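Values in this document were obtained by computation on a predicted structure and should not be read as measured data.
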Amino acid sequence: MNARRDEDFTGYVQARLAWLRRVAYLLCQDWQQADDLVQTAITSLYVHWRRARAMESIDGYARTILVRAFLSERRGGWARRVTLVGKLPDTAGQAPDAEDALDVRSALAGLPPRQRATLVLRFYCDLNVDQAARVLGCSAGTVKSQTAKALASLRRALEPATGTGPSCVELRGNGAAGARNQAARGAKETGHG
């Protein structure tokens, strides 16, 4: 029975590891930290594998473990004391517009951890407000306010520096893609595109 359990767990992790790493990267903005976060999450998932298999969505259970591990790590004093600087962020691969993708990632990295987690859950993982609230362990109203604050911060961070062009980045419904498209339009308007 334990061999079957281990086989099921190993199969799940092999199939979903890349997805877990992408979510972790969006949360912490560093591939090495993302790998550490995924390791923590899959260790916890293994310990609770029987419960996870009984859930309607193993992905949802794993995502909840991952986000809560990220938030727990950020609450600890170590994350505030240790900051790696002088190194450009790693990229997951070639993006259609690398400069805009870096701008969006930089703006996302500047958000507080809880706001960042809220945006990742809502726009990358495509969870609704109630689902995100369950993962974060808070109320739906808190998810809505954290989303609004985070989007306002992203809009401010992605505004064109010249003060011309659109006054904000439209992110509703399109997530990072909307931010990239708007940033590209802003670059064309200011002569940088």
Side-chain angles (χ1 to χ4, degrees), residues 13 16-49 51-52 55 57-93 95 101-158 169 171 175-176 179-180:
V13 171
R16 302 304 285 159
L17 187 61
W19 170 76
L20 286 167
R21 285 189 76 230
R22 284 191 303 271
V23 173
Y25 176 79
L26 287 171
L27 291 169
C28 64
Q29 301 292 304
D30 178 87
W31 283 111
Q32 284 80 21
Q33 288 180 3
D35 288 339
D36 291 344
L37 191 58
V38 167
Q39 184 62 45
T40 300
I42 62 175
T43 300
S44 181
L45 183 62
Y46 180 77
V47 171
H48 299 100
W49 184 243
R51 183 182 312 155
M55 294 290 171
S57 169
I58 297 173
D59 285 348
Y61 192 84
R63 182 179 47 237
T64 299
I65 290 172
L66 187 68
V67 170
R68 289 184 180 172
F70 165 73
L71 292 173
S72 175
E73 178 183 284
R74 294 300 162 156
R75 278 191 289 268
W78 187 85
R80 287 188 292 270
R81 288 191 309 266
V82 176
T83 304
L84 302 176
V85 293
K87 181 179 139 186
L88 293 175
D90 295 336
T91 57
L102 288 174
D103 289 342
V104 171
R105 285 181 185 158
S106 176
L108 188 63
L111 294 175
R114 195 154 182 94
Q115 288 181 13
R116 190 179 328 146
T118 302
L119 288 185
V120 169
L121 290 172
R122 293 280 289 122
F123 297 108
Y124 183 77
C125 296
D126 201 26
L127 299 183
N128 65 34
V129 172
D130 294 329
Q131 291 168 329
R134 279 193 298 276
V135 170
L136 293 168
C138 63
S139 70
T142 300
V143 170
K144 291 176 185 178
S145 70
Q146 291 290 303
T147 301
K149 289 176 186 176
L151 289 176
S153 294
L154 285 180
R155 287 181 184 109
R156 282 191 302 276
L158 295 172
V169 175
L171 292 173
R180 286 192 299 273

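- Considering every non-hydrogen atom in both Ala62 and Leu20, the closest pair reads CB-CD2, 4.2 Å.
- Taking each heavy atom of Ala24 and Leu66 in turn, the nearest pair found is N-CD2, 3.9 Å.
- With a 4.5 Å cut-off on side-chain heavy atoms, Val13 and Tyr46 do not count as touching.
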Requested in this report: I would like to know whether Arg134 and Thr64 meet side-chain contact (heavy atoms from CB on, under 4.5 Å); could you show each step before the answer?
Outcome: CA-CA 8 Å; Arg134 279 193 298 276; Thr64 299; over 6 Å; no
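- Here the side chain of Arg122 pairs a donor or acceptor atom with the backbone of Leu127 at under 3.5 angstrom.
- Contact record, Asp130 with Ala140: OD1-CB, 3.6 Å, taken as the closest heavy-atom pair.
- Judged purely by distance below 3.5 Å, without hydrogens or angles, the side chains of Thr142 and Ser145 never pair a donor atom with an acceptor atom.
- Looking only at side-chain heavy atoms (C-beta outward), Gln39 and Asp35 stay at 4.5 Å or farther from each other.
- Partner of Leu119 under the side chain to side chain contact (heavy atoms under 4.5 Å, CB included) criterion, chosen from Leu27, Leu154, Leu26: Leu154.
- Put simply, CZ on Arg63 and CZ on Arg68 are 11.5 Å apart, with the number rounded to the nearest 0.5 Å.
- You'll find the side chain of Glu73 stays beyond 4.5 Å of the side chain of Thr40, heavy atoms only.
- Between Gln33 and Phe70, the closest side-chain pair of non-hydrogen atoms is not below 4.5 Å.
- If you take NZ on Lys144 and OG on Ser139, they are separated by 9.0 Å, rounding to the nearest 0.5 Å.
- Distance alone, capped at 3.5 Å, is enough to place a donor-acceptor pair between the Gln131 side chain and the Asn128 backbone.
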Requested in this report: Assess whether side-chain contact (heavy atoms from CB on, under 4.5 Å) is satisfied between Leu136 and Leu71, documenting all intermediate values.
Outcome: CA-CA 9 Å; Leu136 293 168; Leu71 292 173; 3.6 Å; yes
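- In terms of heavy atoms, Ala52 sits closest to Tyr61 at CB-CD2, 3.5 Å.
- Judged purely by atom type and a 3.5 angstrom limit, Thr118 uses its side chain to pair as donor or acceptor with the backbone of Arg114.
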**Report entry** Trace of the side-chain contact (heavy atoms from CB on, under 4.5 Å) decision for Tyr25 with Leu37
**Finding:** CA-CA 9 Å; Tyr25 176 79; Leu37 191 58; over 6 Å; no
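- Between Arg116 and Cys28, the closest heavy-atom pair is NH1-CA, 3.8 Å.
- Contact between Ser153 and Gln115 at its shortest, heavy atoms only, is OG-OE1, 4.3 Å.
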